[in-house]
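Structure record follows, encoded as structure tokens.
If you read the sequence from its start, that first residue is 1, and numbering goes on from there.
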Amino acid sequence: QVQLVESGGGSVQAGGSLRLSCAASRYTWRFYVSSWFRQAPGKEREGVAAIDSDGSTSYGDSVKGRFTISKDNDKNILYLQMNSLKSEDSAMYYCAAGGTVWYGGRWFFSEADFPYWGQGTQVTVSS
């Protein structure tokens, strides 16, 4: 059974940075589309970033230019580097895996594209 475990969340002041990690067991990031989503209290889950098997990336409009998704195929870890954080970035962040469709540079991904999910890591940005 695939297991995904996020880490790296925490509290930070606006303008600061955090790097989230997602470690996988019984799964290899190398071959599939992977992503990060987030969900704030009372809001729907929102797509943040996705990365294709070849390293191509796609970002939600609200994080473009501030967040970077990457993966280390040797260590089998997915990352999300978050810079210039804003209070509206506060949310539970989830990594998601197992995607088989790449929509290109524009964001069309939904939760339904990813069969495997982690439990989430909380990010709180104070202004």
Check against side chain to side chain contact (heavy atoms under 4.5 Å, CB included), Ser53 and Trp102: CA-CA 9 Å; Ser53 56; Trp102 182 251; over 6 Å; no
[X] side, atom [atom1]; [Y] side, atom [atom2] - distance, nearest 0.5 Å:
| X | Y | atom1 | atom2 | result |
| --- | --- | --- | --- | --- |
| Thr124 | Met92 | OG1 | CE | 9.0 Å |
| Phe67 | Leu18 | CZ | CG | 9.0 Å |
| Glu44 | Gln39 | CD | CD | 8.5 Å |
| Leu78 | Asn73 | CG | CG | 10.0 Å |

Side-chain heavy-atom pair Leu20, Met82 within 4.5 angstrom cut-off: yes
Side chain proximity check, Trp36 to Glu6, heavy atoms < 4.5 angstrom: yes
In a table with atom names and distances, give each donor-acceptor pair under 3.5 Å that connects a side chain of residues 105-117 to protein atoms at least two apart or in another chain.
| from | atom 1 | to | atom 2 | distance (Å) |
| --- | --- | --- | --- | --- |
| Trp107 | NE1 | Phe109 | O | 3.2 |
| Ser110 | OG | Ala112 | N | 3.4 |
| Asp113 | OD1 | Tyr103 | OH | 3.0 |
| Asp113 | OD2 | Tyr103 | OH | 3.4 |
| Asp113 | OD2 | Ser110 | N | 2.9 |
| Trp117 | NE1 | Phe114 | O | 2.8 |

Main-chain N/O of Val125 paired with Ser90 side-chain donor or acceptor, under 3.5 Å: yes
hydrophobic_cluster_shared for Ile69 and Trp29, side chain cutoff 4.5 Å: yes
All side chain to side chain donor-acceptor pair (under 3.5 Å) counterparts of Tyr93, not counting sequence neighbours: Arg38
Shortest non-hydrogen contact from Ser34 toward Tyr27: OG-OH, 3.9 Å
Considering all heavy atoms, the nearest Thr28-Tyr32 contact: O-CD1, 3.7 Å
Under 3.5 Å side-chain donor-acceptor pair for Ser62 and Glu46: yes
Qualifying salt bridge (Lys or Arg N to Asp or Glu O under 4.0 Å) pairs, either residue in residues 71-86, two or more places apart: none
